[in-house]
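Down below is the structure, laid out as structure tokens.
Note that the numbering runs from 1 along the sequence shown for the chain.
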Amino acid sequence: AYFYDLRTGVRQNPWNQFSNSFTFPSIERNVAVVQKILLYSFMGSVVLPGILTAILVFLLLFTLFRTKRFTKYIRLIPLVVVIFGIFISFLAFQGVMYLNKVQAERKFGTDTQKVITLISDRMAIYANGLRGAKGLFDASTSVERNEFKQYVENLDFAKNYPGVQAFGHVSLFPQSGVTTLTQKIKKEGIPDFAIHPLVGQTSYSAIIYIEPFDEQNKKALGLDMYTEPVRREAMMKGLESGSVQLSGKLVLVQNESNNSDPGFILYIPLYKPGARITTTDERKMAATGFVYNAYRARDLFGTILRDQILD
């Protein structure tokens, strides 16, 4: 999702640099700008013409009273009063329309802020879930498949993390490790495991654990996320910063049959236990993989908006 800042005309991406909350500065500014536009429009189309018309009518009547022709035009006064009354009614109608617009804009701003808060709170919960998984990997030299599965099941994320399509682990390894890793995972009871796509890259970032391990999510197992630009960009930013990073809009492998169904992925990087990760170069050297959540936008925002409606 992108938002245009009406004040600067710049397109902004509120997903960038996700930490614990979303930032939508352009929404708040845009509401304020729209309200100012409505105020200036009201002043220009209602208040100013009304003042000028009242002055003109006053001057006309004042001039007639001061001249001998007043009795000649006295029969026109009712017509002037009627026309002036119609005009005042029109101005009053415009005033009511303006007030309705202002109220609508204020309601929009309030509702928008509520949705932003719900999104921020929900994503903070999801980010904390990833930090918990990171703690699992940090505390162990090797997290096995059944341990990861047990961790995810204990989260009960169908209930506590609505909108999450998958919870997974990505391993980073060089080209020389492809055969060894593939054989290891096949021995774990997944005989058809394969890293894809294989396009001669020198380093890989394959999904080796994914839960729930259903038919939809099986499609993503073995995917080299580095081969897709949007995923790679988010992963590299996460590695460099050492923090939670949200990707841009993408199509999940699970939903490639429906390209109109966008999604996104929340990553947190993993590093070798005990390694120094104070600088960007140290973090890149110590990186071992990621844990991530994958979302379908429709499911995630559907649950958030449903909560808003129920509230």
Y151 side chain to A133 backbone, donor-acceptor under 3.5 Å: yes
Any donor-acceptor N/O pair, N217 side chain to F213 backbone, under 3.5 Å: no
Atom of Q245, atom of A234 and distance for their closest heavy-atom approach: CG-O, 3.2 Å
L221 to I207 - nearest heavy-atom pair and separation: CD1-O, 3.6 Å
Donor-acceptor under 3.5 Å (K134 side chain, P269 main chain): yes
Pair R232 + E228: basic N to acidic O under 4.0 Å: no
Which atom of R231 lies closest to which atom of M225, heavy atoms considered: CB-O, 3.6 Å
Contact summary for S243 and S241, nearest pair of heavy atoms: OG-OG, 2.9 Å
Y126: which of Y161, F264, Y267 passes ring pair (Phe, Tyr, Trp, His ring centres under 6.0 Å): Y161
Six-ring centre of Y209, K149 cation under 6.0 angstrom, axis tolerance 45°: no
D299 side-chain N/O to P162 backbone N/O, donor-acceptor pair under 3.5 Å: no
List the atom pairs, donor and acceptor, that lie under 3.5 Å between side-chain atoms in residues 270-277 and the rest of the protein, sequence neighbours left out.
unit_1	atom_1	unit_2	atom_2	d
Y271	OH	L239	O	3.0
R276	NE	E282	OE2	3.4

Side-chain donor or acceptor of Q201 paired with backbone N/O of P197 under 3.5 Å: yes
Shortest non-hydrogen contact from L130 toward L266: CD1-O, 3.4 Å
From CD (E211) to CZ (R145), nearest 0.5 Å: 8.0 Å
Donor-acceptor contact below 3.5 Å, side chain E240 vs main chain K237: no
Side-chain (R283) to main-chain (G238) donor-acceptor, under 3.5 angstrom: no
Common cluster, Y226/M285, ILVMFWY with side-chain heavy-atom separation under 4.5 Å: no
Donor-acceptor contacts under 3.5 Å from residues 163-185 side chains, at least two apart:
unit_1	atom_1	unit_2	atom_2	d
H169	ND1	F290	O	3.0
T182	OG1	V178	O	2.7
K184	NZ	E188	OE2	2.7

